[in-house]
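Down below is the structure, laid out as structure tokens.
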Number of protein chains: 2
Amino acid sequence: MGEQGSRGPAAPARLRAGVPDATVARLPGYLRALRALADAGRTTVSSEALATAAGVGSAQLRKDLSHLGSYGTRGVGYEVAELVFHISRALGLGRRWPVVLVGVGNLGHALAGYGGFDDRGFSIAALFDVDERRIGERVGEQRVRHLDDLDDVVGAFGVCIGVIATPAHAAQDVCDRLVAAGVTSILNFAPTLLRVPPQVDVRKVDLSNELQILCFHEHRKGFALVEPLLDESMTGEVSA
Amino acid sequence: MGEQGSRGPAAPARLRAGVPDATVARLPGYLRALRALADAGRTTVSSEALATAAGVGSAQLRKDLSHLGSYGTRGVGYEVAELVFHISRALGLGRRWPVVLVGVGNLGHALAGYGGFDDRGFSIAALFDVDERRIGERVGEQRVRHLDDLDDVVGAFGVCIGVIATPAHAAQDVCDRLVAAGVTSILNFAPTLLRVPPQVDVRKVDLSNELQILCFHEHRKGFALVEPLLDESMTGEVSA
DNA sequence: TTTTGTGAAATGATTCACAGCC
DNA sequence: GGCTGTGAATCATTTCACAAAA
């Protein structure tokens, strides 16, 4: 709770059902891989094959799944459908989760139409903005509403997840209003650190951060080409 | 390298300058906090204050900075400007990084105009799409070009970072073309696992994954309200 | 006195390797 | 024979706590 950041620290207190955070973060990937397998007609899969499809090691996959229970068959593998069910349940996807999205600029539009939204167990309860020119605009199934209606919607639909797609300068205020309305999980696309009470979860997605991290590795790849050459030439071990 | 995923595993081989991945992932946050501090007129800051501004613990901040060098003054703190310089350098932000963006739908538009792009050391070398109706469209400073021009642009600008903002079904092909053109770091917004050669870095941003992770915690908050009550009532320890 | 920098301890995550089951 | 589930071992990260420096 209150971790924030795509690669945030582990949640300090795990109340029950000790599924490690690192495992939880990989479960959606397993689900996606399983669905692709199911679409391809597979009904059963080994840890090796599923791990490859999900881009992890097979030992890691088995360890991850072992935190959820024992749903495989030795010598055979896993039932695709059964595993989808158990992972979905562990993630709390047994129900439909209404989500509110605040900020209907380009990013908001993109998120609203992402597909992976309505597709999985999420549905957009409402879209909000404060720009009068956008209020009333139709986006997908929804009409954009004024942020002042937030409390009504959150109350009526029992929303507990909010997505912030506003400019940075508006994000903290929107966040405060979401929290005041009763939202307890926030996905923040604005490049700001949000201050929230401890019971509220925040995850952050930040383009600039991601680019800078890539940059670090890229930066180092440059040296990887140069430094070994230098090192070798200095020891006279050049082979070519 | 080849890690993929916002919370991917640690890069297996660190070639030089042992900055842990977890630290690298936090450096952009420190940079942002420092700039906010600088804008507010601060010229010096303690680890405690900076840590608070960045949303981490002060011990963690100091340990992270210690991987870059020893740039503080005991009893005083850090020079804001100096620290910005050293963190920027560690991240490889000493130069301007040209970036290509493929996929100019809503998401692509949002990314192109994000601000945090041109703002930090990144510049968009070109925007690409394959939809004939979009080719030639102006977005910001740029004109949308056909993906077939990719090689030319990557060659001419020495681009090594690519951003994929296409639908999922097109992502792997776009990725292959980026890699073939010489791009070695990819930021992927499409909900697919990309297959890349080992020297290529991929980071993934996926709305649906993030929502599902939030969902897990949300799901558990529900039990936090119910289960302790059950446990207590079963032991007869109810105090109210 | 204040605050950094850092060994050492504690915690957490991943990988190994194999016993156990089909 | 093949594959899962899992303790034990390894590796990484975070936190503690304090000596050293200004």
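Letters go in sequence order (proteins before strands), and every chain restarts at 1. Computation of the quantities below employed the complete heavy-atom set of this structure, encompassing side-chain atoms and omitting hydrogens, waters and symmetry-equivalent molecules.
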Within residues 50-79 of chain B or reaching into it, pairs that qualify as salt bridge (charged side-chain N to carboxylate O under 4.0 Å, His left out) - sequence neighbours excluded |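 Qualifying pairs: B/R26-B/D64.
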
Provide the full list of salt bridge (charged side-chain N to carboxylate O under 4.0 Å, His left out) pairs with a residue in residues 33-42 of chain A, sequence neighbours left out, each pair given once.
->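 Sorted pair list comes back empty.
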
For C/dG5, does either OP1 or OP2 sit under 4.0 Å from a side-chain N or O belonging to B/S70?
->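 Checking C/dG5 against B/S70, a side-chain N or O does come within under 4.0 Å of OP1 or OP2.
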
For B/Q60 and D/dT13, is the shortest distance between a side-chain N/O and OP1 or OP2 below 4.0 Å?
-> no

Among [options], which nucleotide sits nearest the side chain of [X]?
X: B/K63; options: D/dT4, C/dA8, D/dT13; answer: C/dA8
X: A/Y78; options: D/dG7, D/dG5, C/dT6; answer: D/dG5
X: A/S66; options: D/dT6, D/dT14, D/dT4; answer: D/dT6

What's the [atom1]-[atom2] distance between [X] and [N], to the nearest Å?
X: B/D64; N: D/dA12; atom1: CG; atom2: C1'; result: 13 Å
X: B/E48; N: D/dA17; atom1: CD; atom2: P; result: 15 Å
X: B/L61; N: C/dT4; atom1: CG; atom2: C1'; result: 11 Å
X: B/L50; N: C/dT3; atom1: CG; atom2: P; result: 14 Å
X: A/L83; N: D/dC3; atom1: CG; atom2: P; result: 16 Å
X: B/Y71; N: D/dA21; atom1: OH; atom2: P; result: 19 Å
X: B/R26; N: D/dT13; atom1: CZ; atom2: C1'; result: 8 Å
X: B/L68; N: C/dT6; atom1: CG; atom2: C1'; result: 15 Å

Report the distance from atom OG of B/S47 to atom CG of B/L83, rounding to the nearest 0.5 Å.
->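 Spacing of OG (B/S47) from CG (B/L83) equals 11.0 Å.
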
Rounded to the nearest 0.5 Å, how far does CG of A/L207 lie from CZ of B/F189?
-> 5.0 Å

Using atom names, set out every protein N or O paired with an N or O of nucleotides 18-22 of chain C below 3.5 Å, distance rounded to 0.1 Å.
from: C/dG20; atom 1: N3; to: A/R74; atom 2: NH1; distance (Å): 3.2
from: C/dC22; atom 1: O4'; to: A/R74; atom 2: O; distance (Å): 3.3

5' priority, DNA chain C, between B/V45 and A/H67 [closest heavy atom] | B/V45

Shortest non-hydrogen pair, A/C160 vs A/V183, comes out as O-CG1, 3.5 Å

Do B/R195 and B/D176 meet the salt-bridge criterion of a basic N to acidic O distance under 4.0 Å?
->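 So B/D176 does not pair with B/R195 through a salt bridge.
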
Would you tell me whether B/E218 and A/T184 have side-chain atoms, one donor and one acceptor, within less than 3.5 Å of each other?
->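 Yes, a side-chain donor-acceptor pair sits under 3.5 Å.
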
